[in-house]
Amino acid sequence: MAFPDAERSNYAEIFAKIISPTMLQDKIKQLAKEYFSEIQANRRHLHSHPELSFQEQETAKFIAQKLKDYQIPFQAGIAGTGIVAYLEGNNPESKLIALRADIDALPIVEANEAPYKSKNVGVMHACGHDAHTASLLGAARILNTLKTEFEGTIKLIFQPGEEKIPGGASLMIQEGVLNPKPQAIIGQHVMPLLPVGKVGFREGMYMASADELYVRVIGKGGHGAMPENCIDPVLIASHIIIALQQIVSRNAPPKIPSVLSFGKVIAQGATNIIPNEVYLEGTFRTFDEEWRNQAHQKMIKIAQSIAEGMGGTCEFEVRRGYPFLKNNPELTQKAKNAAIAYLSEENVVDLDIWLAAEDFAYYSQIADACFYRLGTRNESKGITSGVHTPTFDIDEQALEIGAGLMAWLALQS
Ligand SMILES: [Zn+2]
Ligand SMILES: [Zn+2]
């Protein structure tokens, strides 16, 4: 059967528009290469001009200027210094995928002597958020160039304050950044343990909830030689520290990892002085919201009962941190397969569970989320330092993957 002429040209037009995934992937790779020098320059600018959590004014201006240059519409001033940009493909209403980068730096004096060393002494991009932001700007530019070749809308979230409770993610969610809810939200984080060229994924529970514990044990001080006249808060605090370990060993569900550590114990007595009080600080981390809340109550009860039983009192404050981060299994499997298609099988690894916390977890509690890791290590260049250290750096070649893969995953989710 022959098509009428008019219809035939119509089909030809439609076929011309359909681009195969391989062709699309090649285009993304080509653009990531083409834009690499700018992505690198953006990362270096951000690295030289780091700003602390919720103070990212200049960083936000820089991102806004770049989005203007790329002619991508955006909204600034969300949760203070946050920015949300939109890329509309064909049928913009048909699908919504969100990509997120965090933009803040840490209070660390940089010890590297790179030309892009921090100019803001005492503040440093030691967690790679400069790389995340530069990669997302790169992905934005790539996707903007390919706008006629994908369906739906891609939302770009540049989020402040990841490093500081309550976390910029929670504030941006309060300001509606997940309304309407995207079908998927994807975030990436540098990984100095993973060689450049590789990425890592993990389905299900990936990062822990983290709550801060502040405990004041009050007794009655006096002469060390006359304990019978005192209520020794040092002894009470010691019992509390030991007893609270049963939260992990006896109360925590065995299938849910939990950690309880006290890293600060202050008793300012002396060899012959029993102090009035002891002060403790610790962290509690786990992977289940219900258990997390139960554990808080149990810890408070145990600590207070011990203190009371021994004649003292105990003030126990739990400062809630971020929830645990769960990677949606279907989305993560899909993203991992897409990454294998992009980087080949040997460059995509499975990650272990990690008991650090990350405020991307807030998004993962609401929408289907995938948080993956970007390899940035290069031993031959001496790039091996961990995040949050004064010598942290990345192999910048990772930025080409960081930008390209983000763009590719947005279109494959
Ligand atoms: Zn960090
Ligand atoms: Zn980080």
Side-chain angles (χ1 to χ4, degrees), residues 43 46-47 49-56 59-60 63 79 81-82 99-112 118 120 122-137 157-172 185-194 196 199-202 206-212 259 263 283 285 321-325 327 351-364 369-377 383-396 398-399 401-403 406:
R43 184 260 165 173
L46 293 165
H47 194 87
H49 303 89
E51 292 174 296
L52 291 174
S53 306
F54 301 112
Q55 300 173 28
E56 308 93 339
T59 306
I63 296 165
T81 48
L99 305 179
R100 173 274 205 173
D102 40 12
I103 66 172
D104 57 328
L106 287 159
I108 292 178
V109 180
E110 178 157 16
N112 294 314
S118 169
N120 187 1
V123 185
M124 177 189 174
H125 269 296
C127 201
H129 299 186
D130 52 343
H132 308 162
T133 304
S135 295
L136 189 55
L137 282 171
I157 301 173
F158 295 91
Q159 176 220 300
E162 191 285 320
E163 299 283 3
K164 198 170 178 187
I165 289 175
S170 73
L171 302 181
M172 289 194 84
I185 179 161
I186 301 168
Q188 69 180 341
H189 201 292
V190 297
M191 186 170 189
L193 283 174
L194 192 64
V196 64
V199 293
F201 290 83
R202 183 183 177 88
Y206 176 44
M207 292 177 74
S209 59
D211 303 310
E212 296 175 354
V259 160
T283 180
R285 291 158 190 254
Y322 307 153
F324 84 102
L325 192 158
N327 280 326
L351 297 169
D352 274 337
I353 210 160
W354 193 29
L355 275 94
E358 156 68 52
D359 80 347
F360 187 82
Y362 281 109
Y363 304 115
S364 83
C370 173
F371 191 67
Y372 71 94
R373 304 297 297 275
L374 176 69
T376 52
R377 183 187 191 86
I383 301 169
T384 56
S385 294
V387 290
H388 292 216
T389 69
T391 50
F392 172 76
D393 202 356
I394 62 163
D395 183 328
E396 289 178 320
L399 297 168
I401 297 170
M406 255 319 217

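Order of appearance sets the numbers: ligands from 1, and atoms from 1 within every ligand.
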Taking both backbone and side-chain atoms into account, decide whether His132 has an N/O/S atom under 2.8 Å from the Zn ion (ligand 2). no
For the student: nearest non-hydrogen atoms of Thr389 and Ala126, plus distance: O-CB, 3.8 Å
Between Arg373 and Asp352 (salt bridge meaning N to carboxylate O under 4.0 Å), is one present in this structure? no
So do the side chains of Leu193 and Arg377 get within less than 4.5 Å of each other, counting heavy atoms only? yes
Can you name the N, O or S atom of Glu163 that is closest to the Zn ion (ligand 1)? OE2
Which atom, counting only N, O or S, brings His129 closest to the Zn ion (ligand 2)? NE2
Identify the heavy atoms of Ala357 and Ala210 that sit nearest to each other, and give their distance. CB-CB, 3.6 Å
Between His129 and the options His189, His388, His47, the ring-ring contact (aromatic ring centres under 6.0 Å, His included) test singles out His189
N/O/S atom of Glu358 inside 2.8 Å of the Zn ion (ligand 1), strictly under: no
Where the Zn ion (ligand 1) is the centre, what is the SG-to-NE2 angle for Cys127 and His388, rounded to 10°? 100°
